[in-house]
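So you know, we letter chains A, B, ... as the sequences are listed, proteins then strands, and number each from 1.
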Amino acid sequence: MMMCLIIIKRKGLYVNMGYRKKIKCENRKKGKSILAFPSDYVVLDIKTTGFDPCWDEIIEICCNRYINNNLDQIMTTFVNPDKPIPDHITQLTQITGQMVMESPKIKDVLPEINKFIGDSIVLGQCVYYDINFLHDAYIYEFGEGIYSIENDYIDLIRIAHRFLPDLPNYSLAMIAASIGVNISGIYRATFGCDMTHLSYQKCKEIANNNPNKEELLKNKYSKKTKACDIVRNSDQVNEFHPFYDATCVFTGKLEKMIRKKAMQIVVNIGGYCNDTITRETDYLILGDYDYCKTIIDGKSSKYKKAEDLKIKGQDIEIISESVFYDMIHEYQYPFVID
DNA sequence: TCTCCTCGAGATCT
DNA sequence: CTCGAGGAGA
């Protein structure tokens with residue numbers, strides 16, 4: 001009798017899986033990932049039957065609200081996923097099908113979760129994972145526009161990368177262990193929340209003692225190598241080459257080599273490179289800039305400026321990427337495309 | 001100089 | 001998802 005029930009349930013599962021709605025990631029309306037150390041937040045951890053929000057189900061949720069860094073309210077529950085829990089998940093979490101059988105379904109839990117989280121900042125380890133699960137569950141269970149989770153969130157892993165450099169990896173257990181937070185406990189949502197909170201507070205302390213705190217919290221933008229900083233690194237100057245003593249400017253992304261390398265070749269021939277079109281510019285080399293949304297009419301600002309100067313009588317050549325390579329080859333300039 | 005774009009590589013979530 | 005490299009534009 002028991003066996004029959006299980007089989008029927010499993011049959012039902014396969015049917016349901018076929019109807020599972022796939023929610024496109026790019027359509028998810030979500031908050032921003034922020035780098036800060038607020039004192040009021042909700043820690044979130046979710047355990048599921050697997051990694052994929054499209055096909056896997058939530059089996060445990062824990063939310064802890066902290067006000068002024070102190071625990072204010074706890075909300076934790078098992079969730080009946082209406083499908084079997086894979087063995088490897090049971091091994092990991094020690095959550096069995098038996099344990100969640102009498103638990104509420106996700107549809108009954110979600111409104112409470114939504115209310116509990118409210119508009120708090122959400123803290124967690126790789127929280128976007130948990131947030132994605134919640135987001136998709138809201139939509140799948142209630143449709144668009146009823147519940148949402150557009151809260152800004154703090155990812156412990158991002159903070160750890162900046163304030164705990166050089167860890168062998170950045171799993172929650174590793175982060176916690178490296179700063180003396182107890183990691184011996186059952187792999188469960190409540191424990192995950194506790195570890196996350198304690199690690200976060202430790203990181204906050206460490207950050208406050210770091211003189212570069214503000215700098216480390218900033219969003220990083222990579223430093224560009226300026227064209228004028230490229231210096232000749234070979235003695236293969238060719239004074240008969242058109243690029244010799246000429247100033248070249250690149251626009252768009254080159255297909256066959258990175259811009260820096262192309263600039264290096266020009267400089268090695270005996271030419272100069274610049275980042276902007278000026279009266280000194282002799283060549284503009286066009287790469288591909290189709291991907292750039294800011295370009296509306298198909299021509300970059302450098303292209304337009306070069307055309308403008310050409311009309312005004314400046315001797316400026318606008319050439320394509322392939323012509324650029326031809327010119328290099330024509331004059332027997334050795335280079336390798338890697 | 002600063003902000004915002006694309007894209008590829010790499011890591012963590014269960 | 002994040003970061004870094006590379007790039008455009010104000």
Side-chain angles (χ1 to χ4, degrees), chain A residues 25-26 28 30-35 44-62 79 81 83 85-95 122 124-136 153-162 165 167-176 186-189 191-193 195-196 199 216 218-227 230 249-255 257-263 273 275-277 284-306:
Chain A
C25 302
E26 59 263 34
R28 288 186 181 127
K30 287 162 57 186
K32 291 190 302 257
S33 171
I34 56 173
L35 285 160
L44 173 66
D45 195 18
I46 289 176
K47 301 299 169 211
T48 66
T49 58
F51 286 128
D52 190 346
C54 290
W55 304 103
D56 292 311
E57 302 294 337
I58 296 170
I59 54 174
E60 190 190 16
I61 301 182
C62 180
V79 179
K83 68 187 259 189
I85 297 172
D87 288 344
H88 69 280
I89 298 296
T90 297
Q91 275 179 25
L92 192 68
T93 61
Q94 300 181 25
I95 300 172
V122 180
Q125 172 74 342
C126 287
V127 248
Y128 51 85
Y129 171 85
D130 308 72
I131 287 175
N132 284 346
F133 258 97
L134 274 185
H135 173 280
D136 289 10
Y153 54 91
I154 298 167
D155 207 330
L156 180 67
I157 198 173
R158 280 189 85 192
I159 289 178
H161 265 293
R162 288 163 195 241
L167 293 186
N169 66 64
Y170 287 82
S171 65
L172 177 56
M174 178 59 74
I175 293 169
I186 305 175
Y187 195 85
R188 219 42 98 51
F191 186 60
C193 280
M195 267 203 294
T196 304
S199 303
L216 287 165
K218 278 184 188 165
N219 278 319
K220 290 175 186 170
Y221 288 101
S222 55
K223 282 172 192 162
K224 285 165 254 213
T225 44
K226 285 188 228 161
I230 294 173
V249 176
F250 290 83
T251 184
K253 188 180 184 176
L254 299 178
E255 204 179 307
M257 63 176 72
I258 64 169
R259 185 182 286 193
K260 204 178 185 176
K261 186 168 180 183
M263 286 180 167
C273 285
D275 286 319
T276 50
I277 303 284
L284 173 66
I285 296 101
L286 304 175
D288 175 50
Y289 37 75
D290 283 348
Y291 65 88
C292 190
K293 280 181 179 171
T294 49
I295 294 169
I296 307 149
D297 52 5
K299 288 178 182 176
S300 71
S301 61
K302 288 177 188 174
Y303 194 167
K304 288 179 202 161
K305 194 169 178 187

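- For DNA chain B, if you chain together Watson-Crick or G-U pairs that step i with j, i+1 with j-1 and so on, the runs of at least three with distances under 3.5 Å are B:1-10 with C:1-10.
- Annotation: the span from I186(A) atom CD1 to T93(A) atom OG1 amounts to 9.5 Å, rounded to 0.5 Å.
- In this model, the phosphate group of dC1(C) is not approached by any side-chain N or O of R28(A) to a distance below 4.0 Å at OP1 or OP2.
- The shortest side-chain heavy-atom distance between T251(A) and V249(A) does not fall under the 4.5 Å cut-off.
- Annotation: K30(A), atom NZ; neighbour count of heavy atoms from other residues, nucleotides and ligands within 6.0 Å is above 12.
- In this entry the distance linking CD1 of I34(A) with C1' of dC1(C) reads 16 Å, nearest Å.
- Looking at residues two or more places apart in sequence or on another chain, you find no side chain to side chain donor-acceptor pair (under 3.5 Å) involving D87(A).
- At a threshold of 4.0 Å, the pair D136(A)-R28(A) counts as salt-bridged, since one of the basic side-chain nitrogens sits closer than that to a carboxylate oxygen.
- Within 4.0 Å (heavy atoms only), K30(A) reaches sugar-phosphate atoms of the nucleic acid but no base atom.
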Could you list all N or O pairs between the protein and nucleotides 9-13 of chain B that sit under 3.5 Å apart?
residue : atom : partner : partner atom : Å
dT12(B) : OP1  : Y170(A) : N            : 2.2
dC13(B) : OP1  : L172(A) : N            : 3.0

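- Close to dA5(C), at under 4.0 Å from its OP1 or OP2, lies no side-chain N or O of K260(A).
- Side-chain N/O atoms of R158(A) include one lying less than 4.0 angstrom from OP1 or OP2 on dC3(C).
- Summarising the geometry, the separation between CZ on R259(A) and C1' on dG4(C) is reported as 17 Å, rounded to the nearest angstrom.
- For the pair K253(A) NZ and dA8(C) P, the interatomic distance rounds to 11 Å; values are reported in whole Å.
- Computed from coordinates, the I159(A) CD1 to dC1(C) P distance equals 18 Å when rounded to whole Å.
- Atom CG of L254(A) and atom C1' of dC7(B) are 15 Å apart (whole Å).
- Across the protein-nucleic acid pair, K32(A) atom NZ and dC1(C) atom P stand 15 Å apart, rounded to whole Å.
- Applying the side chain to side chain donor-acceptor pair (under 3.5 Å) criterion to Y170(A), with sequence neighbours excluded, gives no partner residue.
- Evaluation of the side chain to side chain donor-acceptor pair (under 3.5 Å) rule for D45(A) yields K47(A) as partners, not counting sequence neighbours.
- Counting any heavy atom pair closer than 4.0 Å across all strands shown, R188(A) reaches no nucleic acid atom.
- Proximity of a side-chain donor or acceptor of R162(A) to a complementary backbone N or O of K218(A) within less than 3.5 Å is detected.
- Summarising the geometry, atom CG belonging to L216(A) is positioned 13.5 Å from atom NE2 belonging to H161(A); distances are rounded to the nearest 0.5 Å.
- Whole-Å rounding puts the L44(A) CG to dC1(C) C1' distance at 15 Å.
- For the side chain to side chain donor-acceptor pair (under 3.5 Å) test, no residue two or more places apart in sequence or in another chain qualifies with D155(A).
- Residue S301(A) places no side-chain N or O under 4.0 Å from the OP1 or OP2 atom of dA8(C).
- Atom CG of L156(A) and atom C1' of dC1(C) are 15 Å apart (whole Å).
- Contact check, S33(A) against dC1(C): no side-chain N or O comes under 4.0 Å of OP1 or OP2.
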